[in-house]
Amino acid sequence: NNLPTTASHFRHVDAMVPQPSAAAAKLSQLKAVVLGEAPASEDDEVVVPSHEFSRQALVPSTQKYLEMYKSSIEDPAKFWSSIASSEFYWKQRWGDQVYSENLDARKGNIKIEWFKSGITNVCYNCLDRNIDAGLGDKIAIYWESNEPGFDATLTYSELLHRVCQLANYLKSIGVGKGDAVVVYLPMLMELPITMLACARIGAVHSVVFAGFSAESLAQRIVDCKPKVVITCNAVKRGPKTIHLKDIVDAALIESANNRISVDVCLTYENQSAQNRESTKWEKGRDVWWEDVVPKFPTSCDVEWVDAEDPLFLLYTSGSTGKPKGVLHTTGGYMVYAATTFKYAFDYKDSDVYWCTADCGWITGHSYVTYGPMLNGATVVVFEGAPNYPDPGRCWDIVDKYKVTIFYTAPTLYVTRYSRRSLRVLGSVGEPINPTSCRWFFNVVGGSSCPISDTWWQTETGGFMITPLPGAWPQKPGSATFPFFGVQPVIVDEKGVELDGECNGYLCVKSSWPGAFRTLYGDHERYETTYFKPFPGYYFTGDGCRRDKDGYHWLTGRVDDVINVSGHRIGTAEVESALVFHPHCAEAAVVGVEHEVKGQSIYAFVTPVEGISYSDELRKSLILTVRKQIGAFAAPDKIHWAPGLPKTRSGKIMRRILRKIASRQLDELGDTSTLADPGVVDQLIELADD
Ligand code: WTA
């Protein structure tokens with residue numbers, strides 16, 4: 001058998017590393033199944049990396065992983081400072097303490113700091129440092145437009161020039177260190193250029209996914225008060241043209257109503273979607289990118305910043321209330337994004353890397369822009385939709401650029417094509433379905449292409465639980481083991497750490513460099529949401545099971561957050577959008593399993609008195625959600641609800657709604673505590689109306 005290691009290797013690893021060594025002891029008993037048929041239990045299916053792959057891998061064996069993991073946990077300061085000093089440029093080294101932390105709210109404010117007093121710049125490390133090392137002529141970006149046949153490239157030197165021109169322009173309008181810049185751009189090259197330009201001058205970018213509505217954009221602008229918003233006139237997504245500038249205009253009116261005015265709206269002219277003449281324009285505020293930016297010098301001094309100065313804000317959904325501004329700082333995030341990228345994808349200089357995520361989400365921040373570029377990688381940036389003009393588009397792009405590392409949402413895997421350039425596959429956002437995983441491994445990868453099922457979050461900055469291809473036998477559907485420096489723990493509802501085989505709430509003990517430092521303007525909410533539920537730990541909001549071999553299986557959110565095609569949405573947000581509709585009295589939203597999207601949005605709606613159910617009302621409710629949040633948050637199903645199942649104290653019992661939504665009607669459980677148990681029968685009757 002070609003297990004990369006044998007049980008005897010693990011005797012050298014002491015009990016410091018509880019999960020992996022427990023797993024390792026059992027490894028020799030595991031039966032490898034590589035032939036497509038599923039074993040009796042998913043826990044017993046193991047996919048072993050090939051010898052060829054393991055031999056060339058950065059972490060070539062389980063033993064090596066365990067050694068590195070152990071040192072990262074025993075002495076995090078030493079582990080991370082050795083990476084930070086050997087692989088990055090620091091204008092000035094950090095102070096005596098590599099990191100300091102308090103994750104226990106009972107002992108005072110939650111605080112996480114890494115490399116404090118170290119002076120550096122992320123843009124410099126992505127561009128100048130790599131160019132100095134000889135990568136100036138290497139392709140940094142292959143850009144592929146929505147329309148097949150339109151593309152562009154930028155070398156690292158060219159990218160630096162573009163970044164500097166924009167950085168100089170931003171400085172000329174008074175944007176400086178610590179200022180927020182809101183970015184509402186599609187996947188044009190200008191999006192990573194903008195992120196890097198902000199980083200270069202110490203400005204804090206807040207990219208808003210260009211699928212969010214004017215309302216949502218306005219909410220974010222009002223929260224972080226940018227001097228400038230950067231957008232483009234329009235974008236084509238598949239066959240549709242979306243007029244982004246109109247959305248920004250509406251958002252700026254809404255912000256002004258909230259007394260937040262933005263001085264400049266820098267607009268890139270995306271000629272393939274719309275020309276200048278037909279773009280609405282507000283003189284004095286709106287500026288065409290092409291008219292100003294190219295006139296600025298192609299070099300720009302770097303603003304050296306402290307490792308703990310903010311790099312970016314990214315709004316994300318929680319289980320309640322308005323979106324939270326997750327704040328990441330400079331030094332720790334830089335080291336963590338780069339190091340996770342390098343190891344989880346087993347990155348080599350010759351790789352061509354493509355991540356299909358949009359820079360409007362964390363995956364695009366850490367694994368389109370920063371992680372790859374810190375490693376000097378060649379990155380494919382794709383403007384379009386994966387199924388346009390046909391479902392083979394992704395694989396055409398893989399072929400065209402000879403992509404070797406492909407990182408995507410697992411739902412993309414259902415398109416069954418095969419491309420041989422691929423070396424490593426990654427997936428994120430939801431557990432990968434074992435059937436597609438098996439198929440992908442056997443057919444596409446020719447049983448030699450490892451798949452990294454990476455588990456992480458906006459808050460974590462980078463991968464937390466992920467296979468290292470080559471090091472670990474994988475189990476399809478399991479994110480396997482923690483990345484270096486990460487100590488996942490599974491706790492019960494009382495916050496007691498569980499050992500061995502268990503199922504519970506996923507928390508993390510101790511900080512890691514990429515951890516978010518606060519919620520912008522609301523440190524209290526940061527503490528309450530993430531650190532108070534289980535004192536002493538960071539609480540992820542996810543459920544997790546650890547199997548008999550120590551592998552981690554994510555079981556989904558335990559709060560009211562859902563993941564739809566990789567987009568994170570709070571059910572409370574969708575509910576407040578629905579009740580915004582004048583004919584909606586009450587709404588309750590749950591996620592249901594969906595074959596393609598992972599989860600889909602299912603809404604129970606009670607109309608106001610006197611209003612009857614109609615298709616028209618259904619459509620107009622959906623339209624309201626599109627307007628309030630964005631098209632990606634539109635419910636797939638509106639279920640009419642004369643009443644909602646509530647406890648006597650008025651709390652909606654979502655457990656029951658979830659069962660009704662997924663038609664598991666024989667699993668409704670105890671309904672006797674409901675104020676009106678009859679409500680449930682009514683709902684079941686109306687299920688298919
Ligand atoms: C879910 C995306 C299962 C999880 C990077 C988490 C996953 C949320 C996986 C974060 C995975 C992410 N397996 N579930 N490999 N990766 N999730 O902030 O519920 O958009 O809490 O970050 O996605 O979503 P976010």
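Note that ligands are numbered from 1 as they come in the structure, with each ligand's atoms numbered from 1 the same way.
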Exactly one of Glu113, Glu308, Glu459, Glu527 clears salt bridge (Lys or Arg N to Asp or Glu O under 4.0 Å) with Arg517, and that residue is Glu308
Does any donor atom in the side chain of Ser511 or Trp114 lie under 3.5 Å from an acceptor atom in the other side chain?
-> yes
*Between Tyr333 and Phe516, does the ring centroid distance fall short of 6.0 Å?*
no
| Aromatic ring centroids of Tyr551 and Phe481 under 6.0 Å? | yes
Between Lys475 and the options Asp547, Asp43, Thr480, the side-chain hydrogen bond (donor to acceptor under 3.5 Å, both in side chains) test singles out Asp547
Quiz item: Under 6.0 Å between the ring centres of Tyr407 and Phe345?
Solution: yes
Under 4.0 Å from ligand 1, residues with heavy atoms, in chain and number order, are Ile362, Thr363, Val428, Gly429, Glu430, Pro431, Asp453, Thr454, Trp455, Trp456, Gln457, Thr458, Asp542, Leu554, Arg557, Asn563, Arg568
